[in-house]
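Let me begin by presenting the structure, written as structure tokens, before commenting on it.
As the structure lists them, so they are numbered: ligands from 1, and atoms in each ligand from 1. Because the structure is predicted, anything quoted here is derived from the model rather than measured.
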Amino acid sequence: MRKKTQLIHGGIFGDEATGAVSVPIYQVSTYKQDGPGDHRGYEYSRTGNPTRHALEELIKDLEEGKRGFAFGSGMAAMTAVMMLLSSGDHVLMTDDVYGGSFRVMTKVLNRFGIEASFVNTSDIDSIQNEIRDNTKALFIETPTNPLLKITDLEAVAKIAKANGILTIVDNTFSTPYWQNPLTLGADIVLHSATKYLGGHSDVVAGLVVVNDEKIGNDLHFIQNSTGGVLGPQDSWLLMRGIKTLGIRMEEHEKNTSRIVEYLSAHEGVSKIYYPGLESHPNHEIAKKQSRGFGGMVSFDVGSAEKAATVLNKVKYFTLAESLGAVESLISVPALMTHASIPAERRAELGITDGLIRISVGLEDAEDLLEDLEQALKG
Ligand SMILES: *Cc1c(COP(=O)(O)O)cnc(C)c1O
């Protein structure tokens with residue numbers, strides 16, 4: 001099955017009992033048992049719910065894995081995955097991970113003895129040196145947020161395997177439509193489904209897919225024990241969004257390449273970050289491991305003042321955190337999504353005060369270009 005077909009026919013199609021072509025919303029917490037312990041697959045909705053199950057089957061198929069899991073947010077998904085580890089374990093992570101991922105590792109999970117350190121995983125050779133005796137996982141985000149850095153997933157998975165450690169990939173930016181980390185050797189893939197998978201800025205959710213039965217059983221045990229599950233309404237909404245992921249990603253990409261072309265020629269823009277650009281340092285790797293480059297682009301306008309002017313003047317780019325939805329969004333990472341990263345570290349990473357990130361939506365590209373034109377004139 002090709003991806004666009006899989007988006008519609010993957011997982012569980014419709015409802016056997018009634019012929020409904022959409023999976024029903026099972027708004028239910030508990031299930032009648034035919035005898036004590038004798039149930040029909042569902043006993044309590046934290047453990048399993050048919051609507052959530054349909055979503056979990058769908059994401060499992062889309063990521064070509066063995067088991068799928070749905071959580072109440074991307075961060076709940078990530079936290080559950082980290083609970084596969086134990087006190088004393090160490091995780092080596094991509095240095096410009098999502099701000100919330102940095103925060104949960106350094107401000108919450110560290111208190112439970114799970115250590116994290118950060119390395120530029122785009123530089124494959126630097127990874128091996130950072131692996132410690134107690135390193136149990138490599139956590140990779142590619143492309144990264146907001147600098148769109150690319151990590152070679154196949155090469156990372158090879159290093160991880162040689163060291164007997166897990167490869168975990170945050171695939172939020174690429175989505176399973178463009179990139180499937182499990183097929184490149186990763187063990188676990190996770191998503192903030194709040195972004196492209198949902199696609200309409202109306203649901204917060206997280207998804208995980210694993211490639212191994214034992215890890216799947218362990219993660220289900222954690223999901224059921226800690227309880228950060230996604231409710232049936234949101235599970236349904238997410239499935240509804242996922243059906244159009246293919247056509248949305250194609251259009252996001254078309255609009256983005258128009259904008260990238262425009263910004264590249266603009267004299268007020270000093271730097272532009274997009275993996276689809278031939279000048280991107282890891283363009284060839286992006287091309288090798290993904291079927292598309294996505295709808296996120298960052299560019300530097302030189303100063304915080306200039307960035308503020310652009311933000312004030314745009315009409316069709318909504319000033320907001322988040323990304324991946326039908327409407328174009330604009331943000332200044334240093335002040336917004338990445339404010340929880342200390343200023344010193346932001347500077348090290350290149351997240352300057354003049355850096356603007358846009359999530360290109362599905363409006364007419366001409367309108368978006370005209371809007372950027374008038375905003376950049378300042
Ligand atoms: C938004 C985001 C998250 C966190 O997901 P939530 O659904 O907001 O909890 C994690 N990783 C990336 C790359 C994100 O963009």
Side-chain angles (χ1 to χ4, degrees), residues 55 59 63 69-83 91 93-109 116 118 121-122 137-151 153 168-179 181 186 188-209 223 226 228-231 234-235 237-238 241-242 245 249 252 273 275 290 293-298 320-325 329-333 336-341 349 351 357-361:
L55 168 64
I59 192 65
E63 283 292 13
F69 301 91
F71 294 89
S73 71
M75 291 322 302
M78 177 173 176
T79 304
V81 166
M82 288 301 163
M83 285 177 191
V91 187
M93 302 177 73
T94 298
D95 56 6
D96 69 334
V97 281
Y98 175 73
S101 306
F102 179 82
R103 181 173 57 195
V104 75
M105 297 305 298
T106 58
K107 296 254 166 69
V108 181
L109 293 171
F118 301 85
T121 52
S122 302
L138 287 175
F139 184 96
I140 309 295
E141 197 177 307
T142 181
T144 63
N145 176 21
L147 296 176
L148 287 305
K149 278 159 61 176
I150 299 290
T151 293
L153 289 174
I168 305 169
V169 178
D170 182 335
N171 202 27
T172 301
F173 270 39
S174 283
T175 83
Y177 187 70
W178 290 140
Q179 178 171 284
I188 301 177
V189 56
L190 60 88
H191 290 277
S192 168
T194 314
K195 317 293 168 53
Y196 286 109
L197 289 169
H200 296 74
S201 301
D202 53 13
V203 61
V204 172
L207 296 171
V208 180
V209 181
Q223 185 190 40
T226 59
V229 294
L230 191 66
D234 284 349
S235 295
L237 206 46
L238 202 47
I242 288 172
L245 181 70
M249 293 312 286
H252 281 301
Y273 302 87
S290 316
F293 303 111
M296 298 300 299
V297 52
S298 295
E321 294 193 3
S322 200
L323 60 105
L329 300 177
I330 191 162
S331 68
V332 176
M336 298 168 67
T337 44
H338 288 62
S340 57
I341 295 179
L349 296 171
I351 303 172
R357 184 190 87 172
I358 56 181
S359 167
V360 180

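In this structure, Ala205 counts as a contact residue of ligand 1, since one of its heavy atoms falls inside 4.0 Å of the ligand.
With hydrogens left out, the protein atom closest to atom 1 (C) of ligand 1 is Lys195 NZ, 1.4 Å, a heavy atom. Shortest contact from atom 11 (N) of ligand 1 to any protein heavy atom: Asp170 OD2, 2.7 Å. For atom 7 (O) of ligand 1, the closest heavy atom belonging to the protein is Thr194 OG1, 2.6 Å. In terms of protein heavy-atom proximity, atom 4 (C) of ligand 1 is closest to Tyr98 CE2, 3.4 Å.
With Asn171 contributing its side chain and Gln179 its backbone, the two residues share a donor-acceptor pair below 3.5 Å. With hydrogens and angles ignored, the 3.5 Å screen pairs a side-chain donor or acceptor of Thr142 with a backbone N or O of Thr151. In terms of modelled atom types and a separation under 3.5 Å, the side chain of Thr172 and the main chain of Ser192 share a donor-acceptor contact. In this structure, the side chain of Ser359 engages the main chain of Gly324 through a donor-acceptor pair within 3.5 Å.
Relative ring orientation between His252 and Tyr196 is described as perpendicular, the plane-to-plane angle rising above 60° on a 0-90° scale split at 30° and 60°.
For ligand 1, the atoms sitting less than 4.0 Å from at least one non-hydrogen atom of Ser73 are 7 (O), 9 (O), numbered in the order shown with element in parentheses. Counting atoms of ligand 1 from 1 in the listed order, those under 4.0 Å from a heavy atom of Gly74 are 5 (O), 6 (P), 7 (O), 9 (O).
By the 3.5 Å distance cut-off applied to N or O atoms, Leu323 is not counted among the residues near ligand 1. Checked against a 3.5 angstrom limit, the closest N/O atoms of Met75 and ligand 1 fall inside it.
Rounding to the nearest 0.5 Å gives a distance of 9.0 Å between CG of Leu323 and OG1 of Thr194.
Looking at Val97 and Asp170, their side chains never come closer than 4.5 Å, going by heavy atoms from C-beta outward.
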